[in-house]
Amino acid sequence: MKPGQRKKVLVTGGAGFLGSHLCERLLAAGDYVLCVDNFYTGSKANIARFLGNPHFELLRHDVVSPLFVEVDEIYNLACPASPIHYQFDPVQTTKSSVIGAINMLDLAKRTDARIFQASTSEVYGDPDIHPQGEDYWGRVNPVGIRSCYDEGKRCAETLFFDYRRQYNLKIKVARIFNTYGPRMLPNDGRVVSNFVVQALKGDPITIYGSGNQSRSFCYVDDLINAAVKFMESGDELTGPVNLGNPAEISILDLAQRIIELTGSKSPLVFKPLPSDDPTQRCPDIDLARRELGWEPQTTLEQGLVRTIAYFDELMGRARVSGL
Ligand code: NAD
Ligand code: UDP
């Protein structure tokens, strides 16, 4: 990078939920942002506000194909994250994770760019260690309906560490736990957006299984802070690093909280639990605390209030325009 030049940052999956927040953060920091997306689950609405910004560039591209651009940093987020979307075309999901990782790692190798991988708590599968620390190897079904995502992300991690060992790449592997917030799609299918949309519409809240399974939910702003801090950390910090909020809650309690916060009269309905649905999940974030000086600042209640306000406005707008 020449002196005085803006850092050129590639965000794959930049039109998605996390990607669009990351683009916004990087633009605010003065970077030049190249957003690459195939719009599988991403939306133009998420990035419409950046299109007039001379430091923002959008490229419709699938990371399964090689990409030749000049960049200083790469955040590799391109992959559907919601079970209904990643299971819709599982072969494409594995390709996005594995071939996408190879293509982005090759790009990092050619340009000598730092590269961040959005890995996931799913690498731990249905864990028998609780909370999950980075040294836990996981309990993943290699042939189930979640495997395209779980094993795809595990293989991507392997590739990142092999490129590091073989080519000395500057890698940053983050294991992201359930993250929620504004700009999730109303039909995203993940639990927070499903429950908020159902509660606002007065529709039944769909609990899969007994609702006793747990998750730990991180608000998007906290997660983006961590991702940027990780990218800015020294080259020796490769990860994997867990990023998430260790406040654990059952799915049933989450439904009750959302009903209370929306004042909804929605009833609960119980549906079958999808196969391989993890029974518990909670990050051990000691490494992130120690090495990044980071921990989440947003309580579940604060994050839910902001998320509810977002969907309320979005759905109000949709009602007015008759969509
Ligand atoms: P998302 O579905 O909103 O975003 C994914 C984006 O990637 C979308 O814009 C989609 O169109 C794009 N994409 C998918 N396949 C692509 C391909 N082959 N080429 C180019 N673009 C492609 O999901 P998200 O929640 O924003 O997740 C972003 C990343 O973070 C994903 O890699 C996901 O696995 C990871 N992650 C997210 C969470 C979470 O809770 N949000 C948790 C763990 C990991
Ligand atoms: N879930 C639910 N109702 C929904 C959507 C999800 O009960 O409408 C459950 C799901 O079975 C899982 C948890 O909520 O136990 C989190 O699901 P999500 O798809 O958000 O994320 P993941 O399973 O990947 O952690």
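In each ligand, atom 1 is the first atom listed, and ligand 1 is the first ligand listed.
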**OP:** Could you list the atoms of ligand 2 found under 4.0 angstrom from a heavy atom of R281?
**Re:** 22 (P), 25 (O)

**OP:** Would you mind listing which atoms of ligand 1 come within a distance below 4.0 Å of any non-hydrogen atom of G16?
**Re:** 3 (O), 4 (O), 8 (C), 9 (O)

Original post:
Measuring from the heavy atoms of Q198, does anything fall under 4.0 Å of ligand 2?
Top reply: no

**OP:** Indicate yes or no for a side-chain donor-acceptor contact from D72 to the backbone of K7 under 3.5 Å, with no hydrogens or angles considered.
**Re:** no

Original post:
In terms of atom number and element, which parts of ligand 1 are under 4.0 angstrom from non-hydrogen atoms of S96?
Top reply: 15 (N), 17 (C), 18 (N)

Original post:
For atom 27 (O) of ligand 1, which of A81, P80, G13 has the closest heavy atom?
Top reply: A81

Original post:
Who's the nearest protein heavy-atom neighbour of atom 19 (N) of ligand 1, and how far?
Top reply: V63 N, 3.0 Å

Subject >> E122 heavy atom under 4.0 Å from ligand 2 >> reply: yes

**OP:** Measure the distance from atom 5 (C) of ligand 2 to every protein heavy atom, then report the residue, atom name and distance (to 0.1 Å) of the closest one.
**Re:** Y208 CE1, 3.3 Å

Original post:
Within 45° of the axis and under 6.0 Å from the centre of the six-membered ring of F116, does NZ or CZ of K172 qualify?
Top reply: no

Original post:
Any idea which atoms of ligand 2 are less than 4.0 Å away from a heavy-atom of N194?
Top reply: 4 (C), 5 (C), 8 (O)

**OP:** For Q213, take its heavy atoms, then give the atoms of ligand 2 lying under 4.0 Å from any of them.
**Re:** 9 (C), 11 (O), 15 (O)

Original post:
Which residue from T41, V220, I47 reaches closest to atom 2 (O) of ligand 1 through any of its heavy atoms?
Top reply: T41

Subject >> Ligand-residue contact atoms, ligand 1 with S119, heavy atoms, under 4.0 Å >> reply: 43 (C), 44 (C)

Original post:
So which bit of E122 gets within less than 4.0 Å of ligand 1, heavy atoms only: side chain, backbone, both or neither?
Top reply: neither

Original post:
With a 4.0 Å cut-off on heavy atoms, is P83 touching ligand 2?
Top reply: yes

Original post:
Any N or O on V191 sitting closer than 3.5 Å to an N or O of ligand 2?
Top reply: yes

**OP:** Examine distances only and state if a side-chain atom of N103 and a backbone atom of V64 form a donor-acceptor pair shorter than 3.5 Å.
**Re:** yes

**OP:** Give the residue, atom name and distance (to 0.1 Å) of the protein heavy atom nearest atom 43 (C) of ligand 1.
**Re:** I176 O, 3.1 Å

Original post:
Quick one: which of K153, R183, H61 has a heavy atom closest to atom 32 (O) of ligand 1?
Top reply: K153

Subject >> Nearest neighbour in protein (non-hydrogen) for atom 16 (C) of ligand 2 >> reply: R215 NE, 3.7 Å

**OP:** Considering heavy atoms of the protein only, find what lies nearest to atom 26 (O) of ligand 1 and give residue, atom and distance to 0.1 Å.
**Re:** L18 N, 2.8 Å

Original post:
How close does the nearest protein non-hydrogen atom get to atom 11 (O) of ligand 1, and which residue and atom is it?
Top reply: D37 OD1, 2.6 Å

Subject >> Min N/O separation R146 to ligand 2 under 3.5 Å >> reply: yes

Subject >> For I207, atoms of ligand 2 separated by under 4.0 Å from a heavy atom >> reply: 7 (O)

Original post:
Can any side-chain N or O of Y124 pair as donor or acceptor with the backbone N or O of I129 at less than 3.5 Å?
Top reply: no

Original post:
Looking only at protein heavy atoms, which one is nearest to atom 17 (C) of ligand 1, and how far off is it?
Top reply: N38 ND2, 3.3 Å

